[in-house]
Asker: 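Quick one: the structure is below, questions incoming.
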Amino acid sequence: MKASNSQWKDHLVGKIEPGLASEIDAFDSEIALKKQGKMEDKVFAETRLRRGAYGQRYDNGQRHDGLESRKLAYANPNTKGPTTLWDAPGMQRIKIPFGGLNATQLEVMAELAEEYSDGIAHVTTRQDIQLHFIHIEDTPAIMRRLGAAGITTREACGNTVRNVTACPLSGVCRDQAFDVTPYAKAAAYFLLGHPDTQDFGRKFKIAFSGCGDNPCALVRIHDLGCVAKVKDGKRGFEVYVGGGLGTVPYVAKLYTDFLPEEELLPLAQAMTRVFARLGEKKNRNTARMKFLVVKLGLDEFKRLVEEERKLLTPDPRWTSYLDGIENQQETPLRDPGLLQIETAQPEDFRAWRETNVYAQRQAGYATVTVALPLGDLTADQLRALADIARQYVNETVRTTVEQNIVLRWVSESDLPSVYNDLKAAGLHHAGAGTITDTVACPGTDTCKLGISSSRGLAGELRMHMAENGAAGNDAIRKLRIKVSGCFNSCGQHHIADLGFYGVSRNKGGFAAPHFQVVLGGQWTENAGSYGLAIGAVPSKRVPEAADRILARYTKERKEAESFQAFIRRIGKAECKKMLEDLMVMPLHSEDTSLYSDWHDPREYTTGDMGIGECAGEVVSPLEFQMTASEREVFEAQLAFEAGDMPKASKLAYDSMARAATALLVWHKSFYINSPDGIVEAFRKEFHDTQLFFDPFAGGKFAHYYFHAHELLGQERTPESAHRLIEEAQLFIEACHSCVGRMTAAPVKG
């Protein structure tokens with residue numbers, strides 16, 4: 001029988017850090033108050049989010065059965081947030097600073113996964129661990145048990161400083177300037193619960209990298225990114241600010257090319273104060289740091305941060321962790337050794353060693369990557385990893401941003417034994433860091449925002465690439481595939497060689513899952529540049545689309561030509577031409593297979609709306625105009641590619657206006673056919689009535705159009721033109737979604 005929350009509280013007295021214990025006690029009390037109806041939904045939602053207790057798909061009490069939405073049978077009518085039922089399963093995010101774990105912590109998470117979840121722990125792209133299908137009343141017990149093992153869930157979600165990530169190879173990397181681990185740890189705990197970080201409009205993300213070239217930490221997609229650098233024998237950081245993916249990605253800007261190490265925490269504190277004071281609070285869609293940096297301009301932002309730095313009261317924690325930092329180093333469990341008689345090793349071991357073993361800077365030692373399909377591992381696998389970590393290394397375990405786990409300081413002579421032990425636990429998958437090592441967000445499996453099945457597609461692509469021997473093809477083996485279930489880029493599709501994000505399309509009254517194909521992203525150089533979508537392909541056809549792109553690259557690339565360079569050389573028009581026939585969606589009566597998603601038995605539909613008797617109308621006027629708007633935004637990409645920013649900007653704006661007009665005509669709304677008239681009518685008919693509102697993003701996508709209209713005719717930089725094209729694509733997707741919602745069947749009891 002599972003022990004109660006109160007039993008765990010009594011059992012763990014004195015085993016949890018006092019401050020954390022008090023926090024959990026307070027949350028326990030807040031749960032009791034909410035059950036008594038003494039706390040508002042919004043207030044409770046914020047307090048649970050700040051403790052990592054997140055909502056999950058279907059927690060509004062509805063689920064689509066393939067024909068219509070129906071109510072789920074939750075007996076308790078209480079709520080734990082707006083439209084979020086009390087008994088509906090949720091997700092618990094577990095904060096793992098810099099990804100560092102030990103054996104005991106792995107075992108505790110195994111117990112929690114078994115007792116409270118579905119037996120699975122999920123590694124995220126921010127080095128966190130997530131447990132799904134959690135009941136809100138179990139979360140205090142989960143937090144207490146984690147706290148006793150030295151882990152907090154505080155500020156794992158919400159408008160806070162999220163998990164501080166870092167390169168999992170730092171300290172053992174052959175290319176590093178120095179080990180950034182102590183700095184990442186210091187930043188994580190200095191800012192955790194700090195008074196200056198409690199009043200943000202949105203989340204704030206920080207990352208550390210030991211070098212500038214490798215993609216282990218992806219610092220340039222962060223609000224604050226730090227790259228280790230040594231100047232004149234002194235340690236410091238190259239600092240980037242204002243990066244981020246989300247719906248429209250922003251490349252981080254160089255704040256300074258060298259920040260002395262002792263100024264790291266003061267700078268972070270000053271920066272969070274500026275963000276808390278001047279960052280957007282009312283409109284969540286523009287409340288990230290990237291918008292503030294653009295709004296103020298980098299020079300003004302720097303001036304404000306430097307002014308704030310001068311006003312800070314000195315804090316001994318700024319530098320106390322630096323004492324003897326150059327000598328701080330993990331210690332191995334075993335002596336260094338050499339791998340003996342390579343030719344005598346079995347083929348599966350050699351294949352695994354080629355992709356999953358990294359020779360450390362310390363001779364005789366290696367770091368082993370445990371490749372986790374879709375970032376998942378079972379409770380028994382967690383226990384097996386704990387045993388391996390105790391037997392072969394000094395419990396030096398880390399999660400990675402590619403949803404894997406690494407074991408550091410493995411003596412090379414132990415590699416065969418480590419492999420055999422991993423194999424016994426089903427953790428011996430080769431292909432880490434190759435094209436088969438796909439990354440995916442939770443998507444429609446558990447996320448409320450998921451549009452298409454990112455995990456289903458990523459799993460399919462992983463098997464597809466493995467069966468086709470892609471990891472053995474030198475031309476493509478090191479490429480990365482990343483999949484997001486929607487436009488929010490939790491799967492980091494913008495920085496993939498091959499990126500995909502979920503969208504939907506409506507054909508003849510039936511909705512069908514699609515993925516936008518994103519090409520040209522760069523995950524190296526700490527996520528050096530972002531790709532753009534070239535068009536939407538039905539979900540079931542994505543593997544074929546990937547095959548075509550990769551086959552052409554393999555056949556036509558010039559010597560040592562990178563995938564990004566190849567895509568630039570042949571151009572986006574040629575890329576789209578390769579896939580155009582795959583983008584054509586047949587009617588539901590012609591092929592029902594494309595109207596369901598990967599590994600989901602339900603028909604993917606917006607309702608049971610029938611097809612009209614007039615079979616002659618294959619393409620409706622709405623579909624025709626929406627297709628034209630998609631063509632226009634693609635032409636904007638081609639103009640951008642050719643360096644014609646005025647033309648690219650105009651085409652992007654025109655595509656938004658065309659899509660808005662299509663909705664107005666479809667809705668039979670009056671409008672004056674001029675730029676001002678279309679905007680005014682769209683605002684009145686779709687924005688002010690909230691018909692266009694996304695269930696979770698609100699009016700965000702309409703504001704992309706309104707803002708573009710305000711800036712119509714103004715000169716744009718390549719960066720702002722790139723953003724406008726992204727915003728136009730998302731506005732058009734929102735138009736598709738709006739039509740889908742307005743034609744959906746009502747909820748049935």
Side-chain angles (χ1 to χ4, degrees), residues 123 168-169 172-174 214-216 336-360 364-378 381 384-385 387-389 391-393 397-440 458-482 496-498 523-524 543 546-547 550-551 553-554 563:
V123 179
L169 294 178
V172 301
C173 175
R174 300 191 301 269
N214 295 317
C216 304
L338 297 177
L339 182 62
Q340 300 296 316
I341 319 176
E342 179 181 347
T343 56
Q345 303 303 334
E347 178 59 32
D348 59 346
F349 170 77
R350 290 202 299 271
W352 172 82
R353 184 168 68 88
E354 183 178 349
T355 57
N356 294 46
V357 176
Y358 174 85
Q360 295 184 184
Y365 290 104
T367 291
V368 167
T369 298
V370 182
L372 304 176
L374 304 180
D376 291 346
L377 69 170
T378 67
Q381 288 174 327
L385 270 181
D387 291 341
I388 292 169
Q391 182 175 354
Y392 297 104
V393 299
V397 180
R398 297 198 189 182
T399 56
T400 81
V401 297
E402 294 201 300
Q403 300 179 293
N404 294 322
I405 285 178
V406 299
L407 300 166
R408 298 149 58 98
W409 295 95
V410 176
S411 175
E412 290 185 5
S413 58
D414 285 332
L415 286 172
S417 297
V418 169
Y419 175 74
N420 289 332
D421 288 352
L422 289 172
K423 188 174 184 178
L427 293 170
H428 62 300
H429 305 285
T434 72
I435 195 168
T436 63
D437 196 8
T438 54
V439 168
E460 195 68 25
L461 286 170
R462 183 179 183 277
M463 290 188 293
H464 183 77
M465 294 298 165
E467 290 169 357
N468 291 352
N473 183 334
D474 288 340
I476 63 174
R477 67 192 304 268
K478 287 296 185 180
L479 300 186
R480 294 297 200 275
I481 297 176
K482 299 178 185 289
D497 297 289
L498 285 173
W523 51 274
T524 54
D547 283 346
L550 295 173
Y553 170 59
T554 300
F563 185 75

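All values below were derived from every heavy atom in this structure, side-chain atoms included, with hydrogens, water molecules and symmetry-related copies excluded. None of the values given here were measured: they were computed from a predicted structure.
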Asker: Kindly give the heavy-atom pair with the smallest separation between Glu460 and Pro543, and that separation in Å.
Answerer: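 Nearest pair, atom of Glu460 first, then Pro543: CG-CG, 4.4 Å.
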
Asker: CG/Asp497 to CD1/Ile435 distance, rounded to the nearest 0.5 angstrom?
Answerer: 8.0 Å

Asker: State, yes or no, whether a side-chain contact exists between Leu550 and Leu479 at a heavy-atom distance under 4.5 Å.
Answerer: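 Contact flag for Leu550/Leu479 side chains = yes.
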
Asker: How would you list, by chain and number, every residue that makes a side chain to side chain contact (heavy atoms under 4.5 Å, CB included) with Val397, sequence neighbours excluded?
Answerer: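 Partners of Val397 by the side chain to side chain contact (heavy atoms under 4.5 Å, CB included) criterion, ordered by chain and then number, come out as Leu101, Leu106, Ala389, Ile405, Leu407.
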
Asker: With sequence neighbours excluded, tell me which residues meet side chain to side chain donor-acceptor pair (under 3.5 Å) with Glu412.
Answerer: none

Asker: Could you grab the distance from atom CG of Leu169 to atom OG1 of Thr367, nearest 0.5 Å is fine?
Answerer: 5.5 Å

Asker: Mark yes or no for whether Asn468, through its side chain, and Ala470, through its backbone, hold a donor-acceptor pair below 3.5 Å.
Answerer: no

Asker: With a 4.5 Å cut-off on side-chain heavy atoms, are Tyr358 and Thr369 touching?
Answerer: no

Asker: Could you tell me which non-hydrogen atom of Ala546 sits nearest to which non-hydrogen atom of Met465, and how far apart they are?
Answerer: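 Answer, listing the atom of Ala546 first, then Met465: CB-CE, 3.9 Å.
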
Asker: Under the salt bridge (charged side-chain N to carboxylate O under 4.0 Å, His left out) rule, what pairs show up with a residue in residues 399-410, not counting sequence neighbours?
Answerer: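 Output for this query lists Glu330-Arg408, Glu402-Arg480, Glu402-Lys482.
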
Asker: Check ring pair (Phe, Tyr, Trp, His ring centres under 6.0 Å) between Trp352 and all other residues, then give those that pass, not counting sequence neighbours.
Answerer: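 Counting only residues at least two positions away or on another chain, Trp352 forms a ring pair (Phe, Tyr, Trp, His ring centres under 6.0 Å) with Phe349, Tyr419.
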
Asker: Does Asn420 have any side chain to side chain donor-acceptor pair (under 3.5 Å) partners at least two apart in sequence or in another chain, and if so, which?
Answerer: none

Asker: Can you name the closest pair of heavy atoms from Asn404 and Val370 and give their distance?
Answerer: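 Distance-wise, the nearest heavy atoms are CB-O, 3.4 Å.
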
Asker: Kindly write out the residues that satisfy side chain to side chain donor-acceptor pair (under 3.5 Å) with Lys423, not counting sequence neighbours, or none if the list is empty.
Answerer: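 Result, side chain to side chain donor-acceptor pair (under 3.5 Å) vs Lys423: Asp348.
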
Asker: To the closest 0.5 Å, what do you measure between CG (Leu377) and CG (Leu385)?
Answerer: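 With rounding to 0.5 Å, CG (Leu377) is 6.5 Å from CG (Leu385).
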
Asker: Specify the closest pair of heavy atoms between Cys216 and Val401, including all atoms of both residues, with the distance to one decimal.
Answerer: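 Here Cys216 and Val401 meet closest at O-CG2, 3.4 Å.
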
Asker: List, one per line, each side-chain donor-acceptor pair under 3.5 Å for residues 424-434, sequence neighbours excluded.
Answerer:
from	atom 1	to	atom 2	distance (Å)
His429	NE2	Gly426	O	3.4
Thr434	OG1	Gly431	O	2.7
Thr434	OG1	Thr436	N	3.4
Thr434	OG1	Thr436	OG1	3.0

Asker: Among Val393, Leu422, Val406, which one satisfies side chain to side chain contact (heavy atoms under 4.5 Å, CB included) with Val368?
Answerer: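 That would be Leu422.
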
Asker: Please name the pair of heavy atoms, one in His464 and one in Asp547, separated by the smallest distance, quoted to 0.1 Å.
Answerer: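 Reported closest heavy-atom pair: NE2-OD2, 2.7 Å.
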
Asker: Excluding sequence neighbours, so at least two apart, what forms side chain to side chain contact (heavy atoms under 4.5 Å, CB included) with Ser413?
Answerer: Ser411

Asker: List in chain and number order the residues that pass side chain to side chain donor-acceptor pair (under 3.5 Å) with Glu347, two or more places apart in sequence or in another chain; answer none if no residue qualifies.
Answerer: Arg350

Asker: Sequence neighbours left out, what passes salt bridge (charged side-chain N to carboxylate O under 4.0 Å, His left out) with Arg462? Give chain and number order.
Answerer: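 None.
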
Asker: Can you name the residues that form a ring pair (Phe, Tyr, Trp, His ring centres under 6.0 Å) with Tyr553, not counting sequence neighbours?
Answerer: Phe563, Phe566

Asker: Would you say the side chain of Gln403 lies within less than 4.5 Å of the side chain of Leu372, judging by non-hydrogen atoms?
Answerer: no

Asker: Could you pull out the closest heavy-atom pair between Ala366 and Val357, with the gap in Å?
Answerer: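 Distance-wise, the nearest heavy atoms are CB-CG1, 3.7 Å.
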
Asker: So, using salt bridge (charged side-chain N to carboxylate O under 4.0 Å, His left out) as the criterion, who are the partners of Asp414 when residues are at least two apart?
Answerer: Arg334

